[in-house]
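Below is one structure, written out as structure tokens, with a few remarks after it.
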Amino acid sequence: MIKIFLLFISIFISINGFSQFENYFENRTLRLDYFHSGNYEHEYYRTDELIEKNTWAGSKINLIDTFNYGKFKIMVYDTLSGKLIYSRSYSSLFAEWRTTSEGKGSCGNFSETMLIPYPKKVVKVCFQSRDSLNKWHFVESQIIDPEKDFISKPLKNNIEVFPLHFAGKTEDKLDIAIIADGYSIEDIEKMKKDFEKFNTYLLNAIPFNENAAKINIWGVAAISEQSGITDPKESLIVKTAVNSSFNTINSDRYLMTLDNKSLHNALSNVAYDQIIIMCNTTKYGGGGIYNFYSTAAAGNSNTNFLIQHEFGHAFAGLGDEYYTSDVSVEDFYPLEVEPWEPNITTLVNFDEKWKDLLDKDAVIPTPPTDSKSNLIGVYEGAGYMSKGLYRPYPDCTMKSIKYNAYCPVCKRAVQRMIDFYSR
Ligand SMILES: [Zn+2]
């Protein structure tokens, strides 16, 4: 009887969720391109372009972000009723840059893109940002009228998109687009092999292997003018499809792209929830920002780890659990504030983190132990800091160069996110 009741409830929630979507949105995507500028103290949003995309890849049921991760949040309101009808939080390179010494002085200007379901009627889009206490505050709002505003028709390009792993309709699955960068026309066979490698490394790791039926993976075969990846410290400049580069924010192994427009234009033919940039280089490097994108070097001996680690940042908002690094971000985690990442804590508000998963024998803080121990505790040292920040487990893919070793807390965070996107 309980099972029948639960089934009835879940059918009711599904129908209710769908009708919410049908009430307010078309089965298409509105791509919002904007400039996010400012410095450590000030920030501004200014619209660049509104572009239609053919399909909506996200969930049609889970329209409101329930995770509360990230540095920024976009909230979409129906103007007639004032009701919140869509929200998504995210982080960006601007969020990291503004904490560097450069970002404390001068003014930076970054292109960003958010995808929202295509509104049927007039909507108000609000941009929110966290303050120094991690509290949300309003930055800007914009009215979008799909009848009157100029919205570009779907962009077309010749980039081939093909399924690497197909489990079902995009609206019911987590859709991961893997886009190639730094592969010239001579590298096509290598690109195909690397796509297969990325697909296998993603799907073979826990908990993705247990969720293969909830995930679609798409290969986006962007061809670059030249082969390889830009590496400024080696004076190597390569003309590539989405302009990925080492030494982002002056950190040698931080491999990202500032060319947001080229990245999203190259993804015009694919409906996706998450982006991975597959970089044609053997040098160790990568990067991942929550609901932004992740990258990984395709030809390194640790490529499998890089994919899983960086995707952990971009997909599930996982924080770094290591604490010795050359990362040039200063004061990233103020100790009087609970960080938003699900797998690190300052103990300011630990109840919201993994307290329910703590081993019954664990004391807070948990004394250092052998890296092979499987006691879920509160271990000091995480988020680039050896003191005052804590992680859940002796070791993890978010701490050490180890493939397929997410700790139980990271695993749970990834599982929750997979379930948000799929059914
Ligand atoms: Zn972990």
Side-chain angles (χ1 to χ4, degrees), residues 67-70 91 174 201-211 274 276 286-292 294 296 302-325 327 329 332-333 335 338-420:
F67 294 96
N68 207 32
Y69 300 159
S91 287
L174 164 66
Y201 288 151
L202 267 173
L203 286 176
N204 280 0
I206 298 168
F208 302 102
N209 58 352
E210 300 153 1
N211 291 278
Q274 292 288 322
I276 297 176
I289 297 180
Y290 180 56
N291 278 345
F292 201 56
S294 65
N302 290 306
T303 288
N304 54 1
F305 154 79
L306 284 167
I307 296 167
Q308 196 192 7
H309 177 95
E310 305 300 355
F311 191 64
H313 288 305
F315 174 57
L318 301 179
D320 280 317
E321 294 179 23
Y322 58 81
Y323 48 92
T324 48
S325 154
V327 174
V329 184
F332 208 67
Y333 293 107
L335 295 182
E338 183 65 35
W340 54 263
E341 290 88 341
N343 61 325
I344 57 175
T345 182
T346 48
L347 293 175
V348 169
N349 192 4
F350 182 55
D351 287 8
E352 285 186 0
K353 294 295 170 71
W354 60 91
K355 200 172 186 180
D356 59 314
L357 291 179
L358 273 186
D359 196 284
K360 64 178 174 22
D361 297 326
V363 291
I364 302 175
T366 313
T369 180
D370 186 270
S371 68
K372 291 189 178 66
S373 160
N374 57 6
L375 185 91
I376 301 176
V378 182
Y379 298 89
E380 191 160 36
Y384 327 118
M385 293 157 85
S386 57
K387 296 282 173 202
L389 262 177
Y390 302 84
R391 65 189 193 279
Y393 216 54
D395 210 357
C396 176
T397 292
M398 298 314 289
K399 180 175 182 292
S400 308
I401 302 178
K402 284 182 182 163
Y403 171 63
N404 199 10
Y406 276 151
C407 72
V409 171
C410 289
K411 187 183 158 191
R412 179 172 73 171
V414 168
Q415 184 64 54
R416 284 176 169 170
M417 200 57 83
I418 293 172
D419 293 341
F420 181 81

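Fair warning: this is a prediction, and the values are worked out from it, not measured in the lab. Both ligands and their constituent atoms are indexed starting at 1 by order of listing. By convention here, the first residue in the shown sequence is residue 1.
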Margin query: Tell me whether Glu352 at atom CD has more than 12 heavy atoms from other residues, nucleotides or ligands lying less than 6.0 Å away.
Written below: no
Next item on the list: Please report the closest heavy-atom contact between Gln274 and Asn291, naming both atoms and the distance.
Entry: NE2-OD1, 3.0 Å
Notebook entry, point to check: Parallel, tilted or perpendicular: which describes the rings of Phe208 and Phe311, with under 30° parallel and over 60° perpendicular?
Noted result: tilted
Checklist line | Within residues 401-411 or reaching into it, pairs that qualify as side-chain hydrogen bond (donor to acceptor under 3.5 Å, both in side chains) - sequence neighbours excluded | finding: Asp395-Lys402
Notebook entry, point to check: Excluding sequence neighbours, so at least two apart, what forms salt bridge (charged side-chain N to carboxylate O under 4.0 Å, His left out) with Asp356?
Noted result: Arg412
Item checked: Results of salt bridge (charged side-chain N to carboxylate O under 4.0 Å, His left out) for Asp370 - residues two or more places apart only -> none
Checklist line | Atoms of type N/O/S from protein, distance to the Zn ion (ligand 1) below 2.8 Å | finding: 4
